Amino acid sequence: DALPIFPANAQSTLTTLTLSENMITNFNTTRIESLVALRSFYIDANLLTEISPLNHPVLNRLYLSDNNISSYSSDLLTFLPAMSSLVYTNNHMSDSTFLESATGLKYVYAIENQISEFPNLTASGQTLQQLFLKDNLISSIPSDLLNALVNLQYLYISNNLLTDRL
């Protein structure tokens, strides 16, 4: 396992953990969960192909970009009640149903994936402010899903398969 067993003092004080640009293929979620003050976790630009659900009450920023992830567990965000920013650009994601369980997201960055359907973010409809879906395979934007995002300020959905039949 690439992650060390963190000493007790780090477990209660570490707020940001950056493991970017390594060669990590998987990690022990229990070690991340032991970092009780952790707010931001960067594990982008590694060799991850999957990620197990985390159970962390205060983690609010998760960066998973530039890996080889093609799918997430449907309950990936279920046990992350403070999650507000999720960045998973440049992976191989085709499905975004795992976002349905997220209730407090403010920022979602899903650029350069293979997402074919506009994500259902209605559970985060009151909080979502920015949604980045550039460079995917989305062909339509269902009005009910878009209308549910009542605080959306920025929608970036360039370079998809949208037509004039929006």
Side-chain angles (χ1 to χ4, degrees), residues 1-22 24 26-91 93 95-113 115 118-134 136 145-146 148-157:
D1 193 340
L3 298 181
I5 297 174
F6 294 96
N9 63 328
Q11 289 181 19
S12 63
T13 60
L14 192 65
T15 61
T16 301
L17 177 59
T18 302
L19 297 171
S20 302
E21 300 178 8
N22 283 291
I24 298 170
N26 65 33
F27 62 90
N28 185 325
T29 57
T30 305
R31 292 192 184 153
I32 299 302
E33 292 166 355
S34 74
L35 302 172
V36 297
L38 191 66
R39 302 268 192 268
S40 300
F41 182 33
Y42 298 81
I43 192 158
D44 48 310
N46 277 285
L47 301 174
L48 296 174
T49 56
E50 64 182 1
I51 182 170
S52 299
L54 290 165
N55 184 352
H56 203 292
V58 299
L59 185 67
N60 61 9
R61 287 181 293 281
L62 182 58
Y63 295 82
L64 299 164
S65 296
D66 300 308
N67 279 287
N68 293 312
I69 301 170
S70 59
S71 66
Y72 292 117
S73 168
S74 62
D75 59 350
L76 175 68
L77 302 174
T78 302
F79 306 107
L80 298 171
M83 184 59 56
S84 64
S85 183
L86 177 64
V87 180
Y88 65 102
T89 62
N90 195 24
N91 277 291
M93 295 292 299
D95 182 12
S96 59
T97 55
F98 73 96
L99 293 169
E100 294 176 11
S101 64
T103 58
L105 289 172
K106 291 182 181 178
Y107 311 102
V108 174
Y109 298 84
I111 297 170
E112 294 180 6
N113 279 284
I115 299 168
F118 192 85
N120 182 346
L121 288 155
T122 55
S124 289
Q126 297 294 318
T127 58
L128 191 67
Q129 297 172 11
Q130 296 182 5
L131 179 57
F132 291 77
L133 296 167
K134 181 182 180 287
N136 279 288
L145 296 182
L146 189 57
L149 306 177
V150 297
N151 287 308
L152 188 64
Q153 299 168 8
Y154 194 94
L155 175 61
Y156 189 22
I157 193 165

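Keep in mind the model is a prediction, meaning the values are calculated, not measured.
In this structure, OH on Y154 lies 11.0 Å from CG on L131, to the nearest 0.5 angstrom. For the atom pair CZ of F27 and CG of L17, the computed distance is 9.5 Å after rounding to the nearest 0.5 Å. The distance from the CG atom of D66 to the CG atom of L47 is 11.0 Å, given to the nearest 0.5 Å. Separation of atoms CE (M83) and CZ (F41) is listed at 10.5 Å; rounding is to 0.5 Å. L133 CG to I115 CD1: the interatomic distance, rounded to the nearest 0.5 Å, is 6.0 Å. In this structure, the separation between CG on N55 and CD1 on I32 is 13.0 Å, given to the nearest 0.5 Å.
The two residues A102 and A123 have their closest heavy-atom pair at O-CB, 3.2 Å. Closest heavy-atom contact between L76 and I51: CD1-CG2, 3.9 Å. S12 and A37 make their closest contact through O-CB, 3.5 Å (heavy atoms, listed as atom of the first residue, atom of the second, distance). L121 and L149 make their closest contact through O-CD2, 3.6 Å (heavy atoms, listed as atom of the first residue, atom of the second, distance). Shortest non-hydrogen contact noted between H56 and E33 is CD2-CA, 3.9 Å. T78 approaches S101 most closely through the heavy-atom pair OG1-OG, 3.4 Å.
In this structure a side-chain-to-backbone donor-acceptor pair under 3.5 Å is present from T127 to L105. Looking at E100, its side chain never comes within 3.5 Å of a backbone N or O of N120 through a donor-acceptor pair. A donor-acceptor pair under 3.5 Å is absent between the side-chain atoms of S73 and the main chain of P53, judged by distance alone. Side-chain N or O atoms of N67 include one that pairs as donor or acceptor with a backbone N or O of I43 at under 3.5 Å. Judged by distance alone, the side chain of N91 and the main-chain N or O of N113 form no donor-acceptor pair under 3.5 Å. The backbone N or O of T97 sits less than 3.5 Å from a side-chain atom of D95, completing a donor-acceptor pair.
In this structure the side chain of Q129 reaches within 4.5 angstrom of the side chain of Y107, judged on heavy atoms. Two residues are said to be in side-chain contact when any heavy atoms from C-beta on lie closer than 4.5 Å; Y63 and T18 fail this criterion. The shortest distance between side-chain heavy atoms of V36 and V58 does not fall below 4.5 Å. L99 has its side chain within reach of L86: a pair of non-hydrogen atoms, C-beta onward, lies under 4.5 Å apart. For the pair L35 and L59, the minimum side-chain heavy-atom distance is 4.5 Å or more. Between V87 and F132, the closest side-chain pair of non-hydrogen atoms is not below 4.5 Å. Using a 4.5 Å heavy-atom threshold, the side chains of F98 and M93 count as touching.
A donor-acceptor contact closer than 3.5 angstrom links the side chains of Y109 and Q130. A side-chain N or O of R61 and one of S40 form a donor-acceptor pair less than 3.5 Å apart. Between the side chains of S65 and N90, no donor-acceptor pair is found at a separation under 3.5 Å.
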side-chain contact (heavy atoms from CB on, under 4.5 Å) between L152 and L146, worked out: CA-CA 9 Å; L152 188 64; L146 189 57; 4.0 Å; yes

Kindly indicate, with the supporting measurements, whether the criterion side-chain contact (heavy atoms from CB on, under 4.5 Å) is fulfilled by Q126 and V150. CA-CA 6 Å; Q126 297 294 318; V150 297; 3.6 Å; yes

Starting from the C-alpha separation in whole Å, work towards a yes-or-no answer on side chain to side chain donor-acceptor pair (under 3.5 Å) for N60 and S84. CA-CA 5 Å; N60 61 9; S84 64; 4.6 Å; no

Show, in sequence, the C-alpha distance, side-chain angles and deciding distance for T122 and L145, and conclude whether the side-chain contact (heavy atoms from CB on, under 4.5 Å) test is met. CA-CA 6 Å; T122 55; L145 296 182; 4.0 Å; yes

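Atom NZ of K106 sits in a sparse spot, with 12 or fewer heavy atoms from other residues, nucleotides or ligands closer than 6.0 Å.
Y88 and Y72 have perpendicular rings, their planes meeting at more than 60° on a 0 to 90° scale where under 30° would count as parallel.
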